[in-house]
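What's counted below: heavy atoms across the whole structure, side chains too, no hydrogens, waters or symmetry copies.
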Amino acid sequence: MRRTSRPLTRRGLLTGTLGSAALLATAGTLAGCGTKGAQQTEAGCKSEDLSATEKKLAFSNWPQYMDVDEKDESKRPTLDAFIAKSGIQVTYTEDVNDNNEFFGKVQNQLAGCQPTGRDIMVLTDWMAARMIRLGWVQKLDKAKLPNVEANLLPSLRNRSFDPDSQLAVPWQSGLAGIAYNGKHTTEIRTVDELLTKPELKGKVTALSEMRDTMGLLLQSNGHDPANFTTAQFDDALAKLKRAVDSGQIRKFTGNEYSTELAKGDIVACIAWSGDVIQLGFDDEKIKFVVPESGVMLWSDNMLVPNKGSHKANAEELMNYYYDPAVAAKLAAYVNYICPVKGAQAEMEKIDPDLASNPLIFPDEAMLSKSKVFMALDEKQEKDYETKFQQVIGA
């Protein structure tokens, strides 16, 4: 089942060609994301569920984020099995190439309480938080999600943007931490070592994703990225600026750091776990480290948008993917953190090496050091992104 190489990872797409442009524009576009009249309420924007009479479902996801049959890539084994089992016909579209770009696709419809033609959309925590803040997401019926209720990892419950876990169901998760190439440096265990070790000067990169880089910096200063003040953010940003000004950090990247780390052009970086898993298949000297101060945990979440007219069908699919056996099959393909308890035992039957990989099935010690970045209001999002972009030179 294991795939040792992929043309472009899902997390790479987040800040790849499309994502880079979106990140550059983020600070300027955020001002318009909460324009007057965009906010909706549950009472003011009601959605009719036609699931009882229409056995269909429209599912928007990221590319490379669903298992495919390696002998026939037109087949998606777990999704095909759901269709056969449920009788629900799923229109599966890989049209989420970037969070901001996708927001632009659906913004006008959702702001006007109009259908988007989608019943499930998969978006990263911070964009899910924005959609929820704007009132653009339908509440889920927990009674129809027994597998989710039973098997969702504790570390992914009661998140700040969805404290009752009734609006967003994690699809896959990942970590942002430190990676290094052991051929060219000794072990790096802290963010401070990454940012100050003289032998690393000019050979370090950090992520252009504000929440991941700044979350790690906040933790390194003893602050909680799930609950911090503006003064604490500014303090962490000052530390980052010192590393930039001194030449310690060469540049800020999406996942293009992967190639440079493998070649030794850079020797250490802030990195995403999914990328490092892929690099580690080819070179065991490339390691992912959970910094002593903590690691950032992010998720991509299944949401049912307002006017999605097949909510019960969507809930049936969400519940299906929280069956541990199904979740293991998906995780064996995508190689991100599986959010489903019990899937690790099922993975033993598929690939014991993946079952023992802590970047797919983190142990409690690792998860206890993980944090999800604080949900931001519109003003905070604009202010923090602007400050961050100024420091990284975007």
With rounding to the nearest 0.5 Å, note down the distance linking [atom1] in [X] to [atom2] in [Y].
| X | Y | atom1 | atom2 | result |
| --- | --- | --- | --- | --- |
| Met366 | Ile337 | CE | CD1 | 7.5 Å |
| Phe59 | Ile120 | CZ | CD1 | 5.0 Å |
| Ser60 | Glu94 | OG | CD | 10.5 Å |
| Asn158 | Asp164 | CG | CG | 7.5 Å |

If you measure from the Lys or Arg side-chain nitrogens to the Asp or Glu carboxylate oxygens, is any gap between Lys382 and Glu385 under 4.0 Å?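 The answer is no: the pair does not qualify as a salt bridge.
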Can a salt bridge be assigned to the pair Arg211 and Glu381 using a cut-off of 4.0 Å between side-chain N and carboxylate O?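 Yes, this pair counts.
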Is the backbone N or O of [Y] less than 3.5 Å from a side-chain atom of [X], with the two atoms forming a donor-acceptor pair by type?
| X | Y | value |
| --- | --- | --- |
| Glu346 | Val326 | no |
| Arg157 | Leu152 | yes |
| Asn306 | Cys113 | no |
| Ser370 | Met296 | no |
| Asp69 | Lys75 | no |
| Asp212 | Ala176 | no |

Flag side-chain contact, heavy atom, 4.5 Å: Leu297 against Ser155: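 Contact flag for Leu297/Ser155 side chains = yes.
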Is the shortest side-chain heavy-atom distance between Leu317 and Leu57 below 4.5 Å?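 The answer is yes, as the side chains (C-beta and beyond) meet within the 4.5 Å cut-off.
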Between the side chains of [X] and [Y], is a donor N or O closer than 3.5 angstrom to an acceptor N or O?
| X | Y | result |
| --- | --- | --- |
| Thr124 | Asn99 | yes |
| Tyr336 | Ser273 | no |
| Thr190 | Lys197 | no |
| Gln278 | Asn335 | yes |
| Tyr257 | Asp275 | yes |
| Ser74 | Asp72 | yes |
| Asn313 | Asp119 | no |
| Asp49 | Ser51 | yes |

Look at atom [atom1] of [X] and say whether more than 12 heavy atoms of other residues, nucleotides or ligands are closer to it than 6.0 Å.
| X | atom1 | value |
| --- | --- | --- |
| Glu284 | CD | no |
| Lys285 | NZ | no |
| Lys241 | NZ | no |
| Lys371 | NZ | no |

Using the six-membered ring of Phe103, assess whether NZ or CZ of Arg130 lies under 6.0 Å from its centre and within 45 degrees of the ring axis.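 Geometry flag: set, cation within 6.0 Å and 45°.
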Do any side-chain atoms of residues 198-206 form donor-acceptor pairs under 3.5 angstrom with protein atoms, and if so which ones, sequence neighbours left out?
unit_1 : atom_1 : unit_2 : atom_2 : d
Lys201 : NZ     : Ser246 : O      : 3.3

Where do Ser220 and Lys239 land on the side chain to side chain donor-acceptor pair (under 3.5 Å) test, with the steps shown first? CA-CA 10 Å; Ser220 74; Lys239 175 187 275 192; 3.0 Å; yes
Pair [X] and [Y], ring centroids less than 6.0 Å apart:
| X | Y | result |
| --- | --- | --- |
| Phe228 | Phe373 | yes |
| Trp171 | Tyr322 | no |
| Trp62 | Phe102 | no |

From the options Glu54, Lys55, Lys56, select the one residue that forms a side-chain hydrogen bond (donor to acceptor under 3.5 Å, both in side chains) with His310.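 Among the candidates, only Glu54 passes.
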Under the side chain to side chain donor-acceptor pair (under 3.5 Å) test, residues paired with Thr229 that sit two or more places apart: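 Per chain and number, Thr229 pairs via side chain to side chain donor-acceptor pair (under 3.5 Å) with no residue.
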Could you label the plane-to-plane angle of the Phe233 and Tyr384 rings as parallel, tilted or perpendicular, counting under 30° as parallel and over 60° as perpendicular?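 Rings of Phe233 and Tyr384: parallel, under 30°.
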Suppose we screen for salt bridge (Lys or Arg N to Asp or Glu O under 4.0 Å). Which residues come up paired with Lys139, at least two apart in sequence or across chains?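 Salt bridge (Lys or Arg N to Asp or Glu O under 4.0 Å) check on Lys139 returns Glu42.
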